[in-house]
Amino acid sequence: MIIMAIDHTRDFFSVSAMRFSPEDLTRTTASLFFTRWITHFCAPVFMFTAGVAAFFWWRRGRTVHELSVFLWKRGLWLVVLELTALRFAEFFSMTRGMVILSVLWALGWSMIALGFLVRIPLRLLSVLSVAVIALHNLTGPVPSAGPLRMIAHQPGVFMIAGVPILVAYPLIPWFAVMSAAFCFGQIMTLDAPQRRLWMIRIALAMTLAFLVIRSINIYGDPVRWSSQAPGMTLLSFLRCTKYPPSLDFLLMTLGPATLLLAWFDRIVFSAVNPLIVFGRVPLFYFLVHFFVIHLLAIPLALVRYGHAAFLLNPLPTLGGSVALYPPDYGYSLGVVYAIWMGVVLTLYPLCLWFARVKERRRDWWLSYL
């Protein structure tokens, strides 16, 4: 959750974000590239931990039917939040800008899919989930793909009643990441030594698989890496496709993330540790941090430019027009990091308060925030 805020702060404040992708190897720098690259771990970990959490929820005396209903309801709620609260936080409007189907959309529909998939025996579900993750790159992009193809597996833009709809997070293979994590929940119930041993084995296997498959450079990602750009070979190797996440992308992120999880498993965190506080209220943090970042842009723009009305237009990073923004809009990467740290520090006491509310109360609606 903390790392994720770097990327969204960069979207709103980075001078380079207004002009080119941080993964454009013809224009980027190593610092800018890795500022973006480190945040690639966030979406796969969100999907994975959501699947593990669903397993824990089920094992606390619930039936498969109860789990399915909960996942369907929560999934639909996340889809609604994507189209309402998150849209307003990004644009400060419900009518301006394109409709972006992003991470909450993918999380929501993956939960809905998992609500059906939990009826499959865990061993079979684990095999099917891994198969989808490993083989989905056999299907390449289709020219003139329709909306259903975009929603399933190919990012793109389609129109509904004159409104552009950007599918940023196709559902394949995200739902399989969540269902694989649901099966992984069994490992999390083992005794600590066994649990850590299995996590380390799986983490090292995924990381090694990434290095081997990516090195072969034939399958695993639609974009091949290259050594032709001077000084950019490592960056090209690590520039794996996120939309939709390729096999290489998922191995590159989930392998080290699982290894980190095994390490964290040895540590006892206090209840007020920021990792614990933000982790206990992830959805609340996710929505509020967008509002805070967007609101912070306004006073900074007033100080620098004397006006800030242009911030009511969609950002170029969110599909808006660069022409509507000052030609020099944006700040250096150092300023972006300073703002990011300010956002995290600002949100900590608010999230700590809400985490304590959730701890002492059992209202049903709190499970949806």
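Cluster annotation: F46 and L254 are assigned to the same hydrophobic cluster (Ile/Leu/Val/Met/Phe/Trp/Tyr, side-chain heavy-atom contacts under 4.5 Å, transitive). No continuous path of ILVMFWY side-chain contacts below 4.5 Å connects L315 to V99, so the two sit in separate hydrophobic clusters. Residues M199 and V130 are members of separate hydrophobic clusters, defined by side-chain heavy-atom contacts under 4.5 angstrom among Ile, Leu, Val, Met, Phe, Trp and Tyr. Follow the hydrophobic side-chain contacts under 4.5 Å out from I202 and you reach F249 in the same cluster. One hydrophobic cluster holds both M1 and L107 under the rule that ILVMFWY side chains link at heavy-atom gaps under 4.5 Å.
With rounding to the nearest 0.5 Å, the separation of OG1 in T258 from CD1 in I200 is 11.0 Å. The structure places SG of C42 at 7.5 Å from CG of D7, a figure rounded to the nearest 0.5 Å. Note that CD of E90 is 10.5 Å distant from CD1 of I293, once rounded to the nearest 0.5 Å. Separation of atoms NE2 (H307) and CD1 (I298) is listed at 13.0 Å; rounding is to 0.5 Å. Separation of atoms CG (L295) and OG1 (T346) is listed at 11.5 Å; rounding is to 0.5 Å. Distance OG1/T253 to CZ/F210: 9.0 Å, rounded to 0.5 Å.
Nearest heavy atom pair, residue I276 against residue A271, reads CG2-O, 4.1 Å. When all heavy atoms of Y169 and V103 are compared, the closest pair comes out as CD1-N, 3.8 Å. Between V142 and Q154 the shortest heavy-atom distance is N-OE1, 2.7 Å. Scanning both residues, L235 and A30, for their nearest heavy atoms gives CD2-CA, 4.3 Å. Of all heavy-atom pairs between I100 and A168, the closest is CG2-CB, 4.3 Å. The minimum heavy-atom distance linking H153 with P244 is given by the pair O-CG, 3.5 Å.
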Take V79 and E82 through the test side chain to side chain contact (heavy atoms under 4.5 Å, CB included) and record every step on the way to the result. CA-CA 5 Å; V79 172; E82 172 80 55; 5.6 Å; no
Apply side-chain hydrogen bond (donor to acceptor under 3.5 Å, both in side chains) to the pair T9 and Y337, showing each step before the final yes or no. CA-CA 8 Å; T9 305; Y337 273 90; over 6 Å; no
Output, in order, the C-alpha distance, side-chain angles, deciding distance and verdict of ring pair (Phe, Tyr, Trp, His ring centres under 6.0 Å) for F237 and W225. CA-CA 5 Å; F237 189 87; W225 64 273; 5.5 Å; yes
Please evaluate residues S215 and V212 with respect to the criterion side chain to side chain contact (heavy atoms under 4.5 Å, CB included), reporting the C-alpha separation (whole Å), side-chain torsions for both, the decisive distance (0.1 Å), and the verdict. CA-CA 5 Å; S215 296; V212 171; 5.8 Å; no
I'd like to know whether Y305 forms a side chain to side chain contact (heavy atoms under 4.5 Å, CB included) with D328, so could you lay out the CA-CA distance, the side-chain angles of the two residues, the decisive distance to 0.1 Å, and finally the verdict. CA-CA 10 Å; Y305 302 102; D328 62 340; 3.3 Å; yes
Between V277 and L352, is a side chain to side chain contact (heavy atoms under 4.5 Å, CB included) present by the stated rule, with each step listed? CA-CA 6 Å; V277 171; L352 178 61; 3.8 Å; yes
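In W77, the CH2 atom is not crowded: 12 or fewer heavy atoms of neighbouring residues, nucleotides or ligands sit closer than 6.0 Å. Around CH2 of W109, the count of heavy atoms belonging to other residues, nucleotides or ligands within 6.0 Å does not exceed 12. Within a 6.0 Å sphere centred on CZ of R59, heavy atoms belonging to other residues, nucleotides or ligands number 12 at most. Atom CH2 of W72 has more than 12 heavy atoms from other residues, nucleotides or ligands within 6.0 Å. In the displayed structure, K358 atom NZ is contacted under 6.0 Å by more than 12 heavy atoms of other residues, nucleotides or ligands.
Y219 places a side-chain heavy atom less than 4.5 Å from the side chain of L138. Contact annotation: the side chain of I267 approaches that of W263 to within less than 4.5 Å [non-hydrogen atoms, C-beta and beyond]. Side-chain contact between L347 and V343: present, with at least one pair of heavy atoms (C-beta onward) separated by less than 4.5 Å. With contacts defined as side-chain heavy-atom distances shorter than 4.5 Å, the pair P170/P155 qualifies. Counting heavy atoms from C-beta outward, T207 and L259 have side chains that stay 4.5 Å or more apart. Considering only heavy atoms from C-beta on, S236 stays 4.5 Å or farther from S227 through its side chain. Between D191 and R195 there is no side-chain heavy-atom pair separated by less than 4.5 Å. The shortest side-chain heavy-atom distance between M98 and I165 does not fall under the 4.5 Å cut-off.
Judged purely by atom type and a 3.5 angstrom limit, T28 has no side-chain atom pairing as donor or acceptor with the backbone of D24. Between the D363 side chain and the W365 main chain, no donor and acceptor come within less than 3.5 Å of each other. H294 places a side-chain N or O within 3.5 Å of a backbone atom of A89 that can act as its donor or acceptor partner. Looking at R224, its side chain does come within 3.5 Å of a backbone N or O of I218 through a donor-acceptor pair. Side chain of D11 to main chain of A17: no donor-acceptor pair is present (N/O by atom type, distance under 3.5 Å, no hydrogens or angles). A donor-acceptor pair is defined here as one N or O able to donate and one able to accept, closer than 3.5 Å; such a pair exists between the side chain of T39 and the backbone of R36. A donor-acceptor pair is defined here as one N or O able to donate and one able to accept, closer than 3.5 Å; such a pair exists between the side chain of R87 and the backbone of G97. Side chain of R196 to main chain of D265: a donor-acceptor pair is present (N/O by atom type, distance under 3.5 Å, no hydrogens or angles). At distances below 3.5 Å, not a single donor-acceptor pair connects side-chain atoms of N313 with backbone N or O atoms of G320.
Side-chain contact of E23 with H40: a donor-acceptor pair under 3.5 Å is present, judged by distance alone. Side chains of T241 and S246: no donor on one and acceptor on the other come within 3.5 Å.
Aromatic ring centres of F310 and Y329: separated by under 6.0 Å. Between W57 and F70, the distance from one ring center to the other falls under 6.0 angstrom.
For the ring pair (Phe, Tyr, Trp, His ring centres under 6.0 Å) criterion with H8, the lone passing option out of W340, F13, F290 is F290. With respect to F278, the ring pair (Phe, Tyr, Trp, His ring centres under 6.0 Å) criterion is satisfied by exactly one of F354, F269, Y285: Y285.
Below 30°, between 30° and 60°, or above 60°: for F34 and W37 the angle between ring planes is above 60°, a perpendicular geometry.
The cationic group of R304 lies under 6.0 Å from the six-membered ring centre of Y331 and within 45° of the ring axis, placing it in a cation-pi geometry.
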